[in-house]
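Below is one structure, written out as structure tokens; comments come after it.
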Protein chains: 2
Amino acid sequence: MAKSLLEPPSCACFNIRRAARKVTQIYDKALRPAGLQATQFTLLAMLAAGNDGNGILMGSLAGRLGMDRTTLTRNLAIAERAKWALVRPGKDRRERHVALTAAGRKKLAQARPYWQAAQQGIIEQLSETGLAELLTLTHRLDSS
Amino acid sequence: MAKSLLEPPSCACFNIRRAARKVTQIYDKALRPAGLQATQFTLLAMLAAGNDGNGILMGSLAGRLGMDRTTLTRNLAIAERAKWALVRPGKDRRERHVALTAAGRKKLAQARPYWQAAQQGIIEQLSETGLAELLTLTHRLDSS
DNA sequence: AGCAAGTGCGTGTATTTACACATATCAGAA
DNA sequence: TTCTGATATGTGTAAATACACGCACTTGCT
């Protein structure tokens, strides 16, 4: 009897999903003036970070983002439609090389201060130490 | 230049969402033999925990789950379709009282060992202490 | 009684997510 | 060269998510 009452509060899945919903709303709201949502911001930032001049392969990008390959296909379609990202075939014609456009870089730069504000808000809630702990824990979950 | 390279790794939103994806997959996979997904399991568990005999109001349930009221409407529709939950109007006819059915309690009981296995797997990855830290941090994010 | 404000909830729409399945292409073996 | 398995990716479908908007109902004021 008491057991069923205790499970939801301690469930790792429930708690991390709930926190992810909350945090997503914070970033989405903060990024709103820039016309970006958190997922798209992350996608553009990852593209900017991984740009070796020739673009990034879909599979590699999905791996870096820690999301399913097919999820990236849908998310990237939005970035393509908005002209933030460009996808080109490679010499190996199975491959698709993804790269930021100039508009994408501009949008990312425009969004950066709003991201910074949201990130700062999180730091004020968790403290620098708390955020570092959170990142450590999430990394330990990802790398399994 | 270096700044754009450093942002994604330290972004609270990116990291918690990525971890949530990973953890969700772990629980979904574990719960698969029970025919439940993590979200539905959480919903049923919360209904079981909050059952005062008369059901829980939609808004209250959404608050306890930390999800948008309208998201709960869609998630609950799935539980209703599967006959795990029952929704009845209250004396105040705007209200909707949600309660588990007998089938819902049975399904929850059936799923519990699979949930326990997934939870144990997380504990082995993070340690008891690590999980406790994660719960503390996520609670601090939720309560803002 | 009647009206205005507040409350509880659903719907339309768009995004995010991923599994199951399918397709196209490449690399190496026979 | 031809076939076979591996690789890179897309599509169909369903669930999860939430904002903007709208509707029904209640409450309190006049």
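Small disclaimer: the values here were computed from a predicted structure and weren't measured. The chains referred to below are lettered A, B, ... by the order of the sequence lines, with proteins before strands, and numbering in each begins at 1.
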Hey, what are the protein-to-nucleotides 10-14 of chain C N/O distances that come in under 3.5 Å?
unit_1	atom_1	unit_2	atom_2	d
C:dG10	OP1	B:R96	NE	2.9
C:dG10	OP1	B:R96	NH2	3.3
C:dG10	OP2	B:T73	OG1	2.9
C:dG10	N7	B:R69	NH1	2.8
C:dG10	O6	B:R69	NH2	2.6
C:dG12	N7	B:R74	NH2	3.1
C:dG12	O6	B:R74	NH2	2.4
C:dT13	O4	B:R74	NH1	3.3

Got a list of protein N/O to nucleotides 2-6 of chain C N/O distances below 3.5 Å?
unit_1	atom_1	unit_2	atom_2	d
C:dG6	N2	B:R94	NH1	2.7

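Side-chain atoms of A:C13 and B:F41, non-hydrogen and from C-beta on, never get closer than 4.5 Å to each other. At least one side-chain heavy atom of A:L44 sits less than 4.5 Å from a side-chain heavy atom of A:K107. Using a 4.5 Å heavy-atom cutoff, the side chains of B:E80 and B:L86 are not in contact. A:L65 has its side chain out of reach of A:N75: every pair of non-hydrogen atoms, C-beta onward, lies at least 4.5 Å apart.
Residues satisfying the side-chain hydrogen bond (donor to acceptor under 3.5 Å, both in side chains) test with B:R21, not counting sequence neighbours, are none. Residues forming a salt bridge (charged side-chain N to carboxylate O under 4.0 Å, His left out) with B:D68 (at least two apart in sequence, or on another chain): none. A:R94 is linked by a side-chain hydrogen bond (donor to acceptor under 3.5 Å, both in side chains) to A:D92, counting only residues two or more places apart in sequence or in another chain. Judged as a salt bridge (charged side-chain N to carboxylate O under 4.0 Å, His left out), and not counting sequence neighbours, A:R96 has no contacts. Residues satisfying the side-chain hydrogen bond (donor to acceptor under 3.5 Å, both in side chains) criterion with B:E133, sequence neighbours excluded, are absent altogether. Not counting sequence neighbours, B:E124 has no partner by the side-chain hydrogen bond (donor to acceptor under 3.5 Å, both in side chains) test. With sequence neighbours left out, A:R69 forms a salt bridge (charged side-chain N to carboxylate O under 4.0 Å, His left out) with no residue at all.
A:D68 places its CG atom 13 Å from the C1' atom of C:dC21, with the value rounded to the nearest Å. One atom, NZ of A:K91, and another, C1' of C:dC26, lie 14 Å apart when rounded to the nearest Å. What separates CZ of A:F41 from C1' of C:dT15 is a distance of 18 Å, to the nearest Å. Regarding B:M67, its CE atom lies at a distance of 16 Å from the C1' atom of C:dC9, rounded to whole Å.
Under the 4.5 Å side-chain heavy-atom criterion for ILVMFWY residues, a single connected hydrophobic cluster contains both B:W84 and B:Y114.
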I'd like to know whether B:D142 forms a salt bridge (Lys or Arg N to Asp or Glu O under 4.0 Å) with A:K22, so could you lay out the CA-CA distance, the side-chain angles of the two residues, the decisive distance to 0.1 Å, and finally the verdict. CA-CA 6 Å; B:D142 294 324; A:K22 185 77 171 189; over 6 Å; no
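Reading DNA chain D from its 5' end, the first and the last nucleotide to sit under 4.0 Å from a heavy atom of chain A are D:dA6 to D:dA20.
Contact annotation: A:N75 reaches the phosphate of C:dT17 (side-chain N/O to OP1 or OP2, under 4.0 Å).
Closest approach to the B:E95 side chain among C:dT16, C:dC19, C:dG8 is made by C:dG8 (side chain taken as heavy atoms from C-beta onward).
Between atom CD1 of residue A:I26 and atom CG of residue B:L141 there is a gap of 7.0 Å, rounded to the nearest 0.5 Å.
Among the atoms of the strands shown, only primed sugar atoms or phosphate atoms (P, OP1, OP2) are found under 4.0 Å from some heavy atom of A:T39.
Defined by atom type and a distance below 3.5 Å, a donor-acceptor pair is present between the side-chain atoms of B:R17 and A:T24.
Closest approach of B:W115 and B:L31 over heavy atoms only: N-CD2, 3.8 Å.
Helical stems in DNA chain C, defined as runs of 3 or more consecutive Watson-Crick or G-U wobble pairs with both donor-acceptor distances under 3.5 Å, are listed by first residue as C:1-30 with D:1-30.
Of the residues in residues 16-29 of chain A, not one comes within less than 4.0 Å of DNA chain C through any heavy atom.
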